[in-house]
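Because the structure is a prediction, the values reported are computed rather than measured. Heavy atoms only: backbone and side chains are in, while hydrogens, waters and symmetry mates are out. Quick note on labels: first sequence line is chain A, next is B, and so on, each numbered from 1.
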Protein chains: 2
Amino acid sequence: MATTRIIDDDRLTAVGLLVEVHRGLTNKFAARLGRHGLSENELEILLRLGRTPNCQLRMSDLAAQTSLTTSGVTRVVDRLERAGLVVRASCDTDRRGTWAVLTDAGLERVTAAVEEHLEDVDRWYTGLLTPEQLNALLEALRIVRDTVRPEAVAGVAEAARARPRIAATSP
Amino acid sequence: MATTRIIDDDRLTAVGLLVEVHRGLTNKFAARLGRHGLSENELEILLRLGRTPNCQLRMSDLAAQTSLTTSGVTRVVDRLERAGLVVRASCDTDRRGTWAVLTDAGLERVTAAVEEHLEDVDRWYTGLLTPEQLNALLEALRIVRDTVRPEAVAGVAEAARARPRIAATSP
DNA sequence: TTCAATATTTTGCGCCGTCAACCATTGTTA
DNA sequence: TAACAATGGTTGACGGCGCAAAATATTGAA
């Protein structure tokens, strides 16, 4: 008879597939990002800052968006600040808070990195799928994301309202 | 005019979506797995052993399958062995190699863990999608997996040929 | 046989991120 | 106003994993 052991359940392989793809892509991407001096988490934080109206987000919002802990964010931002890609600025309205602000150098760095990174993304991920397959994939992922991480958009509204902490590059 | 900055490229958000889903699921799963005394990597290794014909795989094959390094596998197997879920056995035909062999306790543990784990998988992942959506997702993931990790099935054939190192539970 | 070249696993060291404890600030309640 | 819980962030101790070198076993050639 066919196997009916629980450890062969299809749902487990569905998880496994997701994990393998994630790890595989991460590994493929790591080399080139490393050449730009960035890790996956560092890139993500720079990207999120760059996409925010004034290029600034509070530490705790970064934590919520990235599913790093706040202490993890502290450390990543420490490194980025040491590298001159980010600066910390205190928050006028709530002196407990701290803005992480993308510097010009940071924006340049992430732009340069992404420029090459996109080749890899295309080569190992999006470019492998037909537009229909890609859309179906993203639709499914979005459904899952919205239930497992509904908080992934924290802080954007506040940051837009806040006054910029450094000369922003937005004209 | 609309934004055309490179850091807003859709392909980046396609990566981001995958990463967010992976992290979100990992977090959701961690609590219950932790209650069974297993981490994600430990579960994966136990699963792969349990699915192999004689419940045994060589360390290097585990490394290839999991995209841990061999040293990572050494450490995970160390813990699993300390917990009595796995034993090491030397390889007759090539005494450089080492089999990691799932014990009966290991099979019980992983079975019990998976039994509950599947509820979470259903609740946060597979159960959120229609059968069509799930199939489309898996199809796309399989395409990407096959190009970024073609080596993910290492060692299964050899393990099936090798003689079992402990009383196997296969009748 | 002996010695170099190769293959498999383990170990030393370091980085990265979590957890828990901590300090500073805010808001609330009296 | 004082007291105190709640919030935001940082720090120290710790564990997991990767990298590279070491330890062990195997193969091939002189």
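- Taking the charged nitrogens against the carboxylate oxygens, R75(B) and E42(B) have no contact shorter than 4.0 Å, which rules out a salt bridge.
- An OP1 or OP2 oxygen of dG17(C) is reached within less than 4.0 angstrom by a side-chain nitrogen or oxygen of N41(A).
- The CD atom of E40(A) sits 14 Å away from the P atom of dC16(C) (whole-angstrom rounding).
- Checked for salt-bridge contact, R48(A) and E20(B) meet the test: a charged N lies under 4.0 Å from a carboxylate O.
- Listed pair R95(B) / dT26(D) meets the phosphate criterion, a side-chain N or O lying under 4.0 Å from OP1 or OP2.
- Classification of R5(B) and D8(B) as a salt-bridged pair holds, one side-chain N sitting under 4.0 Å from a carboxylate O.
- If you take CG of L68(B) and P of dC19(D), they are 11 Å apart, rounded to a whole angstrom.
- Between H22(A) and H22(B), the two ring planes are parallel [angle under 30°; tilted spans 30° to 60°].
- DNA chain D is contacted by no residue of residues 24-35 of chain A, taking any non-hydrogen atom closer than 4.0 Å.
- Taking the charged nitrogens against the carboxylate oxygens, R32(A) and E119(A) do have a contact shorter than 4.0 Å, which makes a salt bridge.
- Among L102(B), V73(B), V101(B), T52(B), the one residue that satisfies the side chain to side chain contact (heavy atoms under 4.5 Å, CB included) test with L57(B) is T52(B).
- For the pair H36(B)/H117(B), no side-chain contact is recorded, criterion being any heavy-atom separation below 4.5 Å from C-beta on.
- Distances shown here put every side-chain N or O of R23(A) at or beyond 4.0 Å from the OP1 or OP2 atom of dC17(D).
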Heavy atoms under 4.0 Å is the rule here; annotate nucleotides 4-11 of chain D 5' to 3' with B where the base is hit, S where only the sugar-phosphate is, and - elsewhere.
--BBSSBB
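- The existence of a salt bridge linking D120(B) and K28(B) is excluded, since no basic side-chain nitrogen approaches an acidic carboxylate oxygen closer than 4.0 Å.
- Residue-level contact check: T93(B) touches neither bases nor backbone, having no heavy atom under 4.0 Å from any strand.
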